[in-house]
Amino acid sequence: MLEIKNLTKYYGDRLAVDDLSLHIEPGKICGFIGRNGAGKTTTLKSVCGILQFDEGEILIGGKSIKDDPIGCKKRMAYIPDNPDLYDFMTGIKYLNFIADVYSVSTAERATKIERYAKEFEISDDLNQLISTYSHGMKQKLAIISALIHTPDLLIMDEPFVGLDPLAAHRTKEIMREICDRGGAIFFSTHVLDVAQKLCDEIAIIKDGRLVVFGSTEEVSGNKSLEGVFLELEGEV
Ligand code: ATP
């Protein structure tokens with residue numbers, strides 16, 4: 001579903017991602033772990049076609065993000081770490097705007113919005129301006145908007161930050177549901193116990209280089225993921 005081949009990205013002369021390759025098969029949730037500044041957001045934004053990269057190739061369902069950005073974007077969704085939405089819109093207007101962008105039919109968007117707004121408990125807030133939303137409410141709206149066109153690949157940057165426990169639980173259920181129907185998830189997180197429980201695969205990035213990639217069992221063995229990570233960072 002997602003293939004990253006030799007991704008290299010510089011900001012000026014600062015090397016942010018260094019020859020990174022990984023492959024996520026349909027049905028897999030892959031957690032992306034690394035210290036602040038390790039290169040996670042840069043990688044995720046490159047996958048989504050938000051950032052241009054210097055070398056390498058990124059394929060989504062076999063299509064190149066460079067050669068066919070629209071084809072790739074139709075199949076994926078991105079939830080950024082900061083839900084910077086259009087404050088001047090109401091929640092429902094924003095969701096309909098996103099549904100229009102992805103040409104989602106009226107019937108389908110209504111079903112999706114009703115389901116997810118109920119699950120995330122924001123049905124009663126959808127007619128309010130986004131400027132009045134809390135951080136968590138904006139995050140919920142960003143998640144719903146990402147699900148509206150039924151993406152096969154979901155890219156998420158620290159998706160649980162700001163979510164209440166129920167919303168975090170729902171998000172994990174929805175992530176698994178996407179994978180059960182043949183999709184895949186690539187998401188960054190600093191919450192290692194959640195990653196260990198939720199992910200099929202773990203990718204660890206250090207100073208822009210992928211230093212670990214494998215199944216969660218392979219990577220953590222009989223240790224905690226936190227233990228493995230600290231060891232790798234030379235902290236134990
Ligand atoms: P965090 O966990 O703090 O979100 P991250 O792993 O997502 O970190 P990135 O945001 O990808 O890290 O940053 C990787 C490196 O690239 C860092 O050294 C950062 O300072 C640098 N960087 C990121 N964005 C820019 C930018 N727009 N201009 C210059 N350097 C940048």
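We count ligands from 1, going down the list as the structure has it; atoms in each ligand are counted the same way.
- Protein neighbours of ligand 1 below 4.0 Å, counting non-hydrogen atoms: Y11, R14, A16, R35, N36, G37, A38, G39, K40, T41, T42, E158, H190.
- Residue V161 belongs to no hydrophobic cluster, having no ILVMFWY side-chain heavy atom closer than 4.5 Å to its own.
- Evaluation of the salt bridge (charged side-chain N to carboxylate O under 4.0 Å, His left out) rule for R14 yields no partner, not counting sequence neighbours.
- The salt bridge (charged side-chain N to carboxylate O under 4.0 Å, His left out) check on E218 picks up nothing, with sequence neighbours excluded.
- H135 and Q139 share no donor-acceptor pair across their side chains, judged by distance under 3.5 Å alone.
- Annotation for E108: atom CD counts as buried by contact number, over 12 foreign heavy atoms lying within 6.0 Å.
- Heavy atoms only, all atoms of each residue included: A195 and L225 are closest at CB-CD2, 3.9 Å.
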